[in-house]
Amino acid sequence: MFLWFIFASLLCSASARPSTQTLETPFSDENDTEDPAEVRSAAIKRLLEVFGMDDPPSIHGHKQAPQYMLDLYNTVADVDGVTKDPNLLEGNTVRSFFDKLRSEQVEFSFNLSTVSREEKILTAELHLFKLRPQASLTFNRHHFCQVSVYQVLDTSKSNSTQDKKLLSSRLIPVHSAGWEVFTISQAVRSWMMDEDSHLGLHVVVRTLGGSSMDMKLMRFASGRNHHQSKQPMLVLFTDDGRRSTSLESRDLHNNAATPTLPKSFMSGSSSRMARSVLDYSEEEAAPAPCQRHPLYVDFEEIGWSGWIISPRGYNAYHCRGSCPFPLGQNMRATNHATVQSIINALKLLKGVDTPCCVPDKLFSINLLYFDDDENVVLKQYNDMVAGSCGCH
Ligand SMILES: *[C@@H]1O[C@H](CO)[C@@H](O)[C@H](O)[C@H]1NC(C)=O
Ligand SMILES: *[C@@H]1O[C@H](CO)[C@@H](O)[C@H](O)[C@H]1NC(C)=O
Ligand SMILES: *[C@@H]1O[C@H](CO)[C@@H](O)[C@H](O)[C@H]1NC(C)=O
């Protein structure tokens, strides 16, 4: 299993404690009649939890991800999904939404029901694709126009007589074509606090003199009449507050995750499922020194290729090997591990094992996927790839 290296480290540290008799004891009561399908479903449920989900999103038919999200993913992640630079994104989540009004007018509304309450909205952007003016109107005295994005307000709820609030405004060349981005973070934050206040956005185009402008001259692609690649889009940069549980801070003795693990996770002999899903080879107690080995997690074999757009899988790596005395430089041993290996070698105390070969550096990966509402989401997950191994 790809969580194997985490469990292995728990197992190793348990066996290193003098009070625990043998390595096998906690997991040896494995029931061979245990239904493999049940184990598989329990394992996959636990894996979903690692990815912060209760159920796998259901996707109907072939959907296309917005180019913006594909480009963003390729900017932050390498081909295996590993984060190139942890400082590129401020938060750990980027969500895209298509306009649900699909109106002929320049009015937009978005269904944000998939954004959780805990998610902090860092930035919200309205992305509009500006079309070229229609040819017959090209010779026009206007070169620039003022484009303003308004939040539609409920006049019955507030004392204000205003029915809309200006969010963003700027000059745009009339003859340009391409994406225009407007920041509307405050409006989205207010929608998140009160769903009923979400009455949509309204875009107004004026000449520099302030008079209203012919919308034939200044057109934005709409969800109704234009290709999907030009659809109006809301992009949210958020943070869900999930932080890395660092190796140091993880309480090995009271780890809540351990008791919920299906027993078969730990078995080398009968976890056929683990072996078919994840490509790792297990050799019997190889005396090779502590080293990093490949551990490929294949989303297609897990059955997640329908909703995960990228990557197809990733190499989590795992750490395996012995940590005997004397621990060399390349073992990246802690002082504690060095002392433990000396006590072990001198057999000064009973039950003190050699140190454990565990990940000592972990990298995050990125997932580009469809959520329950078929919006495309980019999410970063910490501590998913063993960057290096050491004796600890
Ligand atoms: C194994 O599981 C089956 C079904 O859950 C149960 O009937 C049986 O008693 C178990 N055997 C052992 C040795 O735990
Ligand atoms: C938003 O989407 C959810 C899930 O698809 C749906 O249950 C809800 O009715 C939608 N809300 C609106 C206002 O359309
Ligand atoms: C509207 O304003 C009046 C007087 O200024 C005030 O008494 C009332 O509470 C306000 N209502 C709301 C909904 O803010």
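Every heavy atom of this structure was used, including side-chain atoms; hydrogens, water molecules and symmetry mates were not. Whatever order the structure lists them in is the order used to number ligands and atoms, beginning at 1. Since the model is a prediction, treat every value here as computed from it, not as a measurement.
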Please state which protein non-hydrogen atom is closest to [atom] and give its distance, to 0.1 Å?
atom: atom 1 (C) of ligand 2; answer: Asn111 ND2, 1.4 Å
atom: atom 13 (C) of ligand 2; answer: Lys100 NZ, 3.5 Å
atom: atom 4 (C) of ligand 2; answer: Asp373 OD1, 3.5 Å

Original post:
Which of the atoms of ligand 2 are close to Ser113, meaning less than 4.0 Å from one of its heavy atoms?
Top reply: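 Here the atoms of ligand 2 in question are 1 (C), 2 (O), 3 (C), 4 (C).
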
Original post:
What do the steps show when you test Asp360 against Arg332 for salt bridge (Lys or Arg N to Asp or Glu O under 4.0 Å), and what is the final call?
Top reply: CA-CA 8 Å; Asp360 63 358; Arg332 306 163 68 90; 2.8 Å; yes

Original post:
Are Tyr381 and Phe51 near enough that their ring centres are under 6.0 Å apart?
Top reply: yes

Original post:
Counting only heavy atoms not in Lys164, do more than 12 sit closer than 6.0 Å to its NZ atom?
Top reply: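 Yes.
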
Original post:
Any chance CD of Glu49 has more than 12 other-residue heavy atoms, nucleotides or ligands included, within less than 6.0 Å?
Top reply: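 Above 12, so yes.
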
**OP:** Check whether any protein heavy atom sits under 4.0 Å from atom 9 (O) of ligand 2.
**Re:** no

Original post:
Under the disulfide (SG to SG under 2.5 Å) criterion, do Cys319 and Cys357 qualify, and how do the steps go?
Top reply: CA-CA 6 Å; Cys319 298; Cys357 177; 5.0 Å; no

